[in-house]
Structure formats: structure tokens, C-alpha cells
Amino acid sequence: MQAEWTIGLVSLLGTTTGQILAGVEPVDAVKYQFLIMFLIAGGTGLGALAVVLGGAHLLTDHRHRLRPDRIFPLNTSRPRSPLAAPAY
């Protein structure tokens with residue numbers, strides 16, 4: 001919720017001020033600001049949903065079993081990085 005307040009008070013304040021200075025009614029300028037804020041929040045939500053669903057599709061098989069070998073292959077010919085997760 002704090003991000004939406006930041007969007008409304010900092011990022012889009014210039015847009016609202018510019019519209020008011022251009023002669024648009026303040027109520028219409030604020031409605032436009034709310035529209036942009038909700039579009040940004042909706043786009044962020046849809047992006048997060050796409051990442052979660054894509055990750056679930058990548059990490060599970062057709063029987064909905066977790067497949068960590070799709071991230072960390074069990075048979076690798078190159079040496080593993082010390083920062084990589086251990087192979088199970």
C-alpha cells in the first residue's frame with residue numbers, strides 16, 4: 001500500500017499539477033491520477049501472477065510433482081559453483 005501512496009504523491013504529482021494548470025477540472029485530474037495508479041498496480045499484479053504461474057509450470061511435471069532437477073541438473077560435466085544449492 002505504501003508504494004501506491006508514493007506513486008500518488010511523488011511520481012504523478014507533476015501530472016496532476018500540469019493538468020490543473022492546463023485548465024482541466026481538479027476532480028478530473030485526480031481521477032486520471034487514480035486511473036494511472038491502478039493501471040500500474042494492476043500491471044504489477046499481473047506480472048507477478050505470470051511469474052508465479054510460469055515458475056509453477058517450469059518446476060512441476062504433469063502429475064504436479066516438484067522437479068528440482070529442472071533447475072539444478074543432477075549430471076553436470078562442469079564443476080559446480082560453491083554458491084550453488086547442493087544436488088539431492
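Partners of Arg63 by salt bridge (Lys or Arg N to Asp or Glu O under 4.0 Å), not counting sequence neighbours: none found.
In this structure, CD in Gln19 is found 12.5 Å from NZ in Lys31, a value given to the nearest 0.5 Å. Residue Asp69 holds its CG atom at 9.0 Å from CG of Asp61, rounded to the nearest 0.5 Å. For the atom pair CG of Leu59 and NE2 of His57, the computed distance is 10.5 Å after rounding to the nearest 0.5 Å. A distance of 12.5 Å separates CG in Leu49 from OG1 in Thr44, rounded to the nearest 0.5 Å.
Across Ala29 and Val24, no two heavy atoms sit closer than the pair N-CG1, 4.1 Å.
Hydrophobic clustering, with ILVMFWY side chains joined whenever heavy atoms are under 4.5 angstrom apart, groups Val30 together with Phe38.
Between Gln33 and Thr16, the closest side-chain pair of non-hydrogen atoms falls below 4.5 Å.
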